[in-house]
Number of protein chains: 2
Amino acid sequence: MNIGDAAKATGLSPKTIRYYESIDLVIGDRLTNGYRDYADAHIHKLRFVQRARSLGFSIDDCRTLLSLYEDQNRASAEVKNVARKHLEEIEAKIAELQDLQETLSHLVEHCAGDERPDCPIMDGLSGTLIEGPKNVPKIH
Amino acid sequence: MNIGDAAKATGLSPKTIRYYESIDLVIGDRLTNGYRDYADAHIHKLRFVQRARSLGFSIDDCRTLLSLYEDQNRASAEVKNVARKHLEEIEAKIAELQDLQETLSHLVEHCAGDERPDCPIMDGLSGTLIEGPKNVPKIH
DNA sequence: CCTTGACCTTCCAGCCGCTGGAAGCTCCAT
DNA sequence: ATGGAGCTTCCAGCGGCTGGAAGGTCAAGG
């Protein structure tokens with residue numbers, strides 16, 4: 001199976017599959033013409049990574065999870081640790097965003113939103129009303 | 001006021017202040033020795049940006065907000081639009097993360113987390129249990 | 001047999017918002 | 001005069017891809 005079909009089978013883009021190879025995450029075979037070739041085992045791994053990524057696991061976590069996936073003798077505790085740590089990060093992130101949401105929604109609610117220049121949002125940003133979280137979140 | 005003091009006064013790092021200059025966001029004066037020099041107006045702008053960033057506004061939003069900040073005749077509606085749009089992004093992000101949280105916490109809860117290899121988390125990642133969001137979030 | 005076009009290959013650059021580090025300059029206190 | 005702190009510029013790297021250029025390969029149709 002060449003990379004285009006592998007892409008369709010996994011929900012990843014060919015670019016992403018090549019990228020995963022370049023970082024030694026999932027490496028397919030090669031045909032004599034230089035084309036990549038993916039067997040079922042590769043497809044399973046790629047799909048595994050796709051799912052882990054869609055749950056927000058980092059590439060590094062995926063690496064760990066893949067090696068546990070391959071390991072017949074793994075302890076489920078190891079998997080659970082990785083997942084729980086990630087879950088905690090997500091929960092922390094949610095809390096952080098909820099803080100922002102609260103501050104912002106207060107500001108937005110109190111802004112008339114008309115043609116006049118007076119604006120509590122601007123006042124908030126100019127003044128010392130805001131004591132937000134230290135780490136600025138990124139929205140993507 | 002040189003860049004180090006400006007950094008202390010604004011909560012930004014000197015690096016960040018230089019970066020903001022490099023992207024034409026906030027530009028200070030220069031002394032004859034080449035050192036940057038910041039007056040009160042610059043400090044206010046930098047602090048404004050610092051607060052906007054800590055609320056999660058993008059640099060581009062900051063650019064817009066700064067120009068509204070400078071504009072005596074702005075309509076508060078314009079500010080409100082920027083803020084509301086950002087608020088909506090935050091809310092969308094929260095919803096997305098809550099989806100992940102739910103999926104992940106189910107998986108984690110059902111994993112024994114002992115020395116045996118059987119693991120519902122792995123089953124979830126290998127199988128088709130997960131139909132997560134399309135856009136993978138980033139946690140930072 | 002030749003062309004077309006879809007696929008494949010590699011490599012380099014860019015996204016965001018900084019941050020680290022190197023190399024070199026200036027200033028101030030001793 | 002010297003040392004060290006702080007300033008300057010420039011380049012590279014973080015994560016996780018994505019876009020695009022330049023070129024090789026393959027299968028179908030004329």
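By convention in this document, chain letters (A, B, ...) are assigned in the order of the sequence lines, proteins followed by strands, and residues within each chain are numbered from 1.
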J.: Among the nucleotides dG16(D), dT8(D), dC18(C), which one has an atom lying closest to any side-chain atom of Y19(A)?
T.: dG16(D)

J.: Does R53(B) make a side-chain N or O approach to OP1 or OP2 of dC16(C) shorter than 4.0 Å?
T.: no

J.: Does a side-chain N or O from R18(B) land closer than 4.0 Å to OP1 or OP2 of dG20(C), or not?
T.: no

J.: Do you reckon I43(A) sits in the same ILVMFWY cluster as L65(A), going by side-chain contacts under 4.5 Å, direct or chained?
T.: yes

J.: Within this structure, what is the NE2-to-P distance between H86(A) and dG15(D), rounded to whole angstrom?
T.: 16 Å

J.: Can you tell me the distance, in whole Å, between the CD1 atom of I23(A) and the C1' atom of dC11(C)?
T.: 17 Å

J.: Hey, are E21(A) and R18(A) close enough for a salt bridge, meaning a charged N less than 4.0 Å from a carboxylate O?
T.: no

J.: Output the rounded distance in Å from CD1 (I17(A)) to P (dC7(C)).
T.: 14 Å

J.: Kindly indicate whether the side chain of D114(B), heavy atoms from C-beta on, has any atom under 4.5 Å from the side chain of S76(A).
T.: yes

J.: Counting only side-chain heavy atoms from C-beta out, which of dG16(D), dT18(D), dC26(D) sits nearest to N33(A)?
T.: dC26(D)

J.: From the list dG17(C), dT10(C), dC8(C), which nucleotide is the closest neighbour of the side chain of R30(A)?
T.: dT10(C)

J.: Using whole Å, what does the distance between atom P of nucleotide dA27(D) and atom CG of D5(A) come to?
T.: 13 Å

J.: Roughly, in whole Å, what's the span from CD in E21(B) to C1' in dC10(D)?
T.: 14 Å

J.: Does R36(A) place a side-chain N or O at less than 4.0 Å from the phosphate oxygens OP1/OP2 of dT9(C)?
T.: yes

J.: Could you work out which one of dC17(D), dG20(C), dC26(D) sits closest to the side chain of K15(B)?
T.: dG20(C)

J.: Between dA6(C) atom C1' and K8(A) atom NZ, what is the distance in whole Å?
T.: 10 Å

J.: Contact class for I3(A) vs. all strands (heavy atom < 4.0 Å): base, sugar-phosphate, or nothing?
T.: sugar-phosphate

J.: Using whole Å, report how far CG of D37(B) lies from P of dC7(D).
T.: 12 Å

J.: Under 4.5 Å between any side-chain heavy atoms of L97(A) and L100(A), yes or no?
T.: yes

J.: Any ion pair linking E88(A) and K85(A) (charged N to carboxylate O, less than 4.0 Å)?
T.: no

J.: Does a nitrogen or oxygen in the side chain of S13(A) sit under 4.0 Å from OP1 or OP2 of dT18(D)?
T.: yes

J.: Under 4.0 Å between a side-chain N or O of Y35(B) and OP1 or OP2 of dC25(C)?
T.: no

J.: CG of L12(B) versus C1' of dG17(C): gap in Å, rounded?
T.: 12 Å

J.: Does the side chain of Y20(B) get closer than 4.0 angstrom to OP1 or OP2 of dG17(C) through an N or O atom?
T.: no

J.: Of the nucleotides dC17(D), dC18(C), dT9(D), which has the atom closest to the T16(A) side chain?
T.: dC17(D)

